[in-house]
Amino acid sequence: MTRYNPKETEPRWRKAWDDAQSFRTRTPAEAGDKPKAYVLEMFPYPSGRIHVGHVRNYAMGDVVARFKRAQGFNVLHPMGWDAFGMPAENAAMERGINPKAWTYENIAAMRDQLKMLGLSIDWSREFATCDRAYYGRQQRLFLELYKRGLVYRREATVNWDPVDHTVLSNEQVIDGRGWRSNALVEKKKLTQWFLRITDYADALLDGLKTLEGHWPDKVRLMQENWIGRSKGLRLSFRLAEPAPAAFEALEVYTTRPDTLFGASFLAVAPDHPLAEALAAQSADVAAFVADCRRGGTSEAEIEGAEKKGYDTGLMVEHPFDPAIKLPVWIANFVLMEYGAGAIFGCAAHDQRDLDFARKYALPVHPVVLPNGADATTFDVGAEAYVGPGRIFNSRFLDGMEIEAAKVAAIARVEEQGQGEGATVYRLRDWGVSRQRYWGCPIPIVHCLKCGPVAETRLPVDLPDDVTFDVPGNPLLRHPTWKHTTCPTCGGAAERETDTLDTFVDSSWYFARFTDPDAEPPIDREAADYWLPVDQYIGGVEHAVLHLLYARFITRALKDDGVLGVEEPFAGLFTQGMVTHETYRVMANEPRFVSPAEVEQQNGALVEIATRLPVEVGDPIKMSKSKKNTVAPEDIFATYGVDAARLFVLSDSPPERDVQWTEAGVEGSWRFVNRVWAEAEAAAEAVQIDADEAQTVALRRATHKLIKAVTEALSSFRFNAGIAQFYGFLNTLKRLDKADLAQRRAAVQTLIVLINPIAPHLAESAWEKLGGTGMVVDAPWPVYDPALAMDEVLTLPVQINGKRRGEVFAPPGASQADVEAIAMADEAVMRHLEGVTVRKVIVVQDRIINIVAN
RNA sequence: GCGGACGUGGCGGAAUCGGUAGACGCAGCGGACUUAAAAUCCGUUGGCCAUAGGCCGUCCGGGUUCAAUUCCCGGCGUCCGCACCA
């Protein structure tokens with residue numbers, strides 16, 4: 001017996017697959033009537049090295065792709081690089097390396113590492129988003145959208161990342177900090193390019209319903225909340241005299257028109273045009289507005305932020321009774337970007353309004369009476385009442401339920417011509433301008449005569465000769481690049497120096513993969529054949545970023561006729577992270593040390609170099625700063641790729657985090673060797689026909705395995721599937737009497753089943769057993785349902801719900817038979833002494849429960 | 001604050017239709033092999049009492065049911081998302 005030797009076998013099989021072009025995508029013609037399956041993992045950013053998280057992500061995708069292949073699907077399983085972005089520029093600034101050279105070197109290094117994983121990828125389709133061939137075509141798509149009016153430019157208050165010197169989208173601001181730099185984001189006014197994602201708010205929201213059951217509920221819910229559709233009323237309050245010129249009325253948005261009679265004030269955002277107009281005339285107002293701007297947006301600041309207001313002295317008339325006058329305030333808690341940038345405050349039924357009213361001694365008028373409360377005594381204290389009830393103190397709305405009152409109030413306002421029912425969204429348009437070099441140049445030329453015009457001379461190339469010695473956008477200060485002529489009038493003009501958010505790059509790459517050599521950005525025929533992606537796999541961190549943008553771009557391109565599908569990803573799976581314990585040496589200066597720097601000593605961990613004791617922390621996401629990372633190459637060198645693939649899939653359900661442990665990989669490595677040992681042993685035997693010569697027990701065990709593994713792999717329960725293999729090996733051991741020839745047939749089936757998970761091992765074992773060709777081409781086994789169950793079932797017998805014994809019966813035995821067998825059981829009879837049987841429940845092939853007392 | 005998920009041995013987890021709780025792995029314990037160790041193999045492993053056998057047990061409290069880890073109500077805890085969104 002020899003030990004399995006991954007160092008020898010793994011490279012050999014990768015070359016064999018390569019030579020045989022095993023993973024070349026078949027054309028639709030070649031595929032014939034085979035159904036297609038597009039399996040895709042979120043493409044990586046080329047940081048330079050793969051980490052264990054990549055191993056898990058791509059191992060999962062590979063299992064699905066190989067499984068589908070074996071099941072007879074025509075599979076597309078490509079790989080590429082999300083290659084634009086900040087780190088390349090940071091490397092340039094820190095180390096003086098050219099971003100392009102840095103990126104392509106990283107791609108080369110990571111490609112080698114990824115190839116080591118033995119993925120069933122069609123590498124001939126590989127591209128990087130920073131390839132001229134890709135971003136040039138992206139510019140063409142951008143101009144398509146521009147022509148359709150989905151691109152516009154406006155001055156906007158933007159999220160400015162002071163560290164990365166660029167604008168961030170709302171989606172990229174996490175707790176008030178930049179998602180990459182972690183710097184506190186500032187508000188800044190800049191002229192920016194936007195994509196009209198809000199035009200698609202309803203479509204994107206409604207489209208989520210079609211993904212039900214195919215996308216995680218969590219992700220659909222997050223997108224739903226992010227889009228944040230709310231139905232309400234826009235209405236205008238007439239300003240009472242004297243009002244500033246140009247402000248005859250003040251528009252507000254509300255979702256609670258039923259509480260209009262409870263209004264006690266109006267409030268506008270500090271950056272509302274009215275507030276700005278007043279600030280221009282009054283130093284007091286200006287000071288207040290400036291004070292509001294200083295407030296940060298971080299969690300802690302919002303939590304502790306006090307409601308602040310400034311009474312403008314202006315009054316408005318209530319739409320239902322001009323005699324009722326309400327004061328107009330400027331309030332720090334009103335957001336300009338949402339609704340109308342102004343609200344009416346109903347203190348009794350909104351907590352924020354109540355807090356504000358209490359602070360500034362504004363009146364509180366309850367208008368919703370909780371069921372069972374007394375109208376003459378009901379009042380709110382420190383807590384606003386937001387529950388159900390009937391409207392009161394509200395004239396024509398009195399006595400109505402909340403929903404009925406909303407309808408009635410909206411109808412009255414519309415009738416008066418003072419407003420209309422409206423739907424507003426939390427979602428804002430997607431700001432795509434980035435003041436960075438390493439991205440796709442926005443193909444627009446600014447002409448003094450013509451204004452901004454589409455650049456027709458595509459692609460707009462990124463210049464290679466740029467400098468990073470000072471912060472800011474190198475394109476802006478490049479001596480010649482931006483100077484050009486107007487494509488319309490031929491006069492002198494300047495190029496747009498902003499580049500596109502890299503999330504634009506990843507919003508259509510999956511379509512480009514369907515024909516990466518096509519002259520148009522997307523070959524409609526290829527895209528129609530392959531799209532949508534049948535199974536997309538990636539991290540949940542993209543739930544509202546990439547996954548929302550890609551859905552938007554797909555819909556926009558469909559409306560352009562460029563694509564034929566509305567949803568890019570028919571199935572989505574979000575995998576969990578790989579975690580590791582943290583190790584810390586508690587010296588004078590406590591410091592983290594890496595798993596490679598510690599070892600066991602007398603049952604405790606010590607740092608190898610210093611022998612100092614190591615404190616073990618909870619498993620958390622692997623990160624450089626916590627030093628709790630392991631290098632995939634080291635694992636591959638010690639245990640082989642297949643043991644690593646097995647481990648990342650075996651210990652936890654794939655959607656949950658998995659904790660990387662040395663002991664766990666060793667377990668997988670043991671398993672690899674057990675399979676290999678079985679193959680070696682079985683290879684000594686002659687080949688037989690399993691159906692004719694195998695014992696029934698072994699045949700049944702084999703068919704049960706096929707059934708269980710097929711079901712596990714179909715439903716992303718890889719951990720449960722792998723457990724089946726362990727169980728099967730244990731069964732083989734117990735059936736030791738079965739002769740080797742019989743086992744050989746069983747092992748052969750196991751090899752085909754394990755191929756998607758441990759492909760190198762499977763090929764080696766297949767070869768050892770003299771299988772035809774390579775196992776990569778072997779069809780998926782089919783089980784016989786009649787054989788995939790036990791010959792005799794063990795049925796527990798309960799008496800009054802407590803398990804008192806077990807009896808044996810063949811599957812499908814009649815209720816009467818099973819009951820008779822149970823009643824004759826010795827243990828059962830003993831427990832039934834002295835009591836009367838009232839009822840016997842027999843669940844077919846499951847259980848017997850006897851009710852007795 | 002709003003929304004959501006989850007809570008099972010020492011640990012990761014299984015039980016996907018309401019039907020034997022703890023599959024499978026890790027760690028532990030005992031043994032074989034070895035001069036010894038590693039590796040490997042065999043056995044054992046939820047807790048408590050015990051001779052057979054029994055009692056308890058899936059975060060806590062209640063409920064529905066012949067039967068609840070699973071369904072319902074109320075708590076507690078952990079994690080995730082959003083967050084002054086009118």
**A:Arg656 side chain near B:G13 phosphate (N/O to OP1/OP2, under 4.0 Å)** = yes
**Request:** Grab the OH-C1' distance between A:Tyr338 and B:A83 for me, whole Å please.
**Result:** 13 Å
**Fill in**
Mate of B:C55 across any strand shown (Watson-Crick or G-U wobble, both atom pairs under 3.5 Å) is B:G47
**Asked** Taking atom types as they are modelled, is there a donor-acceptor pair under 3.5 Å from the base of B:C85 to the side chain of A:Arg428?
**Response** yes
**Request:** Could you tell me how the ring of A:Phe716 sits relative to the ring of A:Phe573: parallel (under 30°), tilted (30 to 60°) or perpendicular (over 60°)?
**Result:** parallel
**Asked** Atom CD of A:Gln844 to atom C1' of B:G19: distance rounded to whole Å?
**Response** 13 Å
**Message:** Strictly below 4.0 Å: does A:Arg803 bring a side-chain N or O up to OP1 or OP2 of B:G54?
**Reply:** no
**Message:** Before we go on, tell me: are the rings of A:Phe356 and A:Phe265 under 6.0 Å apart, centre to centre?
**Reply:** yes
**Asked** How far, in whole Å, is B:G62 from B:G57 if one measures between their P atoms?
**Response** 11 Å
**Request:** Would you mind pulling out the nucleotide paired to B:U20, Watson-Crick or G-U wobble, both distances under 3.5 Å?
**Result:** none
**Request:** Send over the distance from A:His542 NE2 to B:G81 P, rounded to a whole Å.
**Result:** 14 Å
**Prompt:** Is there a Watson-Crick or G-U wobble partner for B:C41 with both distances under 3.5 Å, and if so, which one is it?
**Reply:** B:G31
**Message:** Rounded to whole Å, please give me the gap between CD in A:Gln223 and C1' in B:G4.
**Reply:** 15 Å
**Prompt:** When you compare B:C84 with B:C79, how far apart are their P atoms, in angstrom units rounded to a whole number?
**Reply:** 22 Å
**Prompt:** Rounding to the closest angstrom, what is the interatomic distance between B:A15 and B:A68 at atom C1'?
**Reply:** 13 Å
**Value in whole Å for how far the C1' atom of B:A38 lies from CG of A:Asn673** = 15 Å
**Asked** Which is true for A:Thr794 with a 4.0 Å heavy-atom rule: it touches a base, it touches only sugar-phosphate, or it touches nothing?
**Response** base
**Donor-acceptor pair under 3.5 Å, A:Arg670 side chain vs B:U40 base** = no
**Asked** Between A:Lys802 and B:C66, is there a side-chain N or O to OP1/OP2 distance below 4.0 Å?
**Response** no
**Asked** Quick one: A:Glu251 CD to B:A86 P, roughly how many Å, whole number?
**Response** 16 Å
**Fill in**
Tested for ring pair (Phe, Tyr, Trp, His ring centres under 6.0 Å) against A:Phe671, the lone hit among A:Phe728, A:Tyr726, A:Trp676 is A:Tyr726
**Asked** Across all strands shown, which nucleotide pairs with B:U64 by Watson-Crick or G-U wobble geometry, both distances under 3.5 Å?
**Response** none
**Request:** Please state whether the phosphate of B:A15, meaning OP1 or OP2, lies under 4.0 angstrom from any side-chain nitrogen or oxygen of A:Arg717.
**Result:** yes
**Message:** The side chain of A:Asn719 is closest to which nucleotide in this list: B:A86, B:G12, B:G13?
**Reply:** B:G13
**Item:** A:Gly667 vs A:Asn800, nearer the 5' end of RNA chain B by closest nucleotide
**Value:** A:Gly667
**Request:** Figure out the CG/P separation between A:Asp217 and B:C80, and round it to whole Å.
**Result:** 20 Å
**Message:** Regarding A:Arg220 and A:Asp217, does a basic nitrogen lie under 4.0 Å from an acidic carboxylate oxygen?
**Reply:** yes
**Request:** For A:Val252, report the nucleic acid contact type (base, sugar-phosphate, nothing); a contact means any heavy atom under 4.0 Å.
**Result:** nothing
**Prompt:** How far, in whole Å, is B:C73 from B:C56 if one measures between their P atoms?
**Reply:** 28 Å
**Asked** Across the strands shown, which category fits A:Tyr253 at heavy-atom distances under 4.0 angstrom: base, sugar-phosphate, nothing?
**Response** base
**Message:** Check for me whether the distance between the ring centres of A:Phe647 and A:Trp660 falls short of 6.0 Å.
**Reply:** yes
**Asked** To the nearest angstrom, how far is A:Asp355 atom CG from B:C84 atom C1'?
**Response** 10 Å
**Item:** Modelled atom types, side-chain donor and acceptor of A:Asp429 and A:Thr198, under 3.5 Å
**Value:** yes
**Prompt:** Can you find a side chain N or O atom of A:Lys733 that sits less than 4.0 Å from OP1 or OP2 on B:C42?
**Reply:** yes
**Phosphate OP1/OP2 of B:A86: any A:His349 side-chain N/O under 4.0 Å** = no
**Prompt:** Which part of the nucleic acid, if any, lies within reach of A:Arg804 when heavy atoms closer than 4.0 Å are counted: base, sugar-phosphate only, or nothing?
**Reply:** sugar-phosphate
**Request:** Taking atom P in both B:A37 and B:A32, compute the distance separating them and give it to the nearest angstrom.
**Result:** 11 Å
**Message:** Taking any heavy-atom pair under 4.0 Å as a contact, classify A:Ile841: base, sugar-phosphate, or nothing.
**Reply:** base
**Request:** Identify the two heavy atoms, one from A:Ile410 and one from A:Pro257, that lie closest to each other, and give their separation to 0.1 Å.
**Result:** CG1-CG, 3.8 Å
**Message:** Less than 6.0 angstrom separating the ring centers of A:Trp430 and A:Tyr549, yes or no?
**Reply:** yes
**Asked** If you measure from the C1' atom in B:C17 to the same atom in B:A67, how many Å do you get, rounded?
**Response** 14 Å
**Request:** Ignoring backbone atoms, test whether A:Asn730 places a side-chain nitrogen or oxygen under 4.0 Å from the OP1 or OP2 oxygen of B:G25.
**Result:** yes
**Request:** Have a look at A:Val851 and say if it touches a base, only the backbone sugar-phosphate, or nothing, with a 4.0 Å heavy-atom cut-off.
**Result:** sugar-phosphate
**Asked** Using purine N1 to pyrimidine N3 plus N6-O4 or O6-N4 for Watson-Crick, or N1-O2 and O6-N3 for G-U wobble, each under 3.5 Å, what pairs with B:C6?
**Response** B:G77
**Prompt:** Hey, is the main chain of A:Leu793 close enough, under 3.5 Å, to the side chain of A:Asp790 for a donor-acceptor pair?
**Reply:** no
**Request:** Sticking with atom P, work out how far B:U70 lies from B:A14, rounded to a whole angstrom.
**Result:** 16 Å
**Paired nucleotide for B:A14 [Watson-Crick or G-U wobble; both distances under 3.5 Å]** = none
**Item:** P atoms of B:G22 and B:U34, separation to the nearest Å
**Value:** 38 Å
**Asked** For B:G1, which nucleotide is its Watson-Crick or G-U wobble mate, given both distances must be under 3.5 Å?
**Response** B:C82
**Asked** Base, sugar-phosphate alone, or nothing: which one does A:Ala720 contact when heavy atoms must sit under 4.0 Å apart?
**Response** nothing
**Message:** If you assign each of A:Asn849 and A:Arg846 to its closest nucleotide in RNA chain B, which residue comes earlier from the 5' end?
**Reply:** A:Arg846
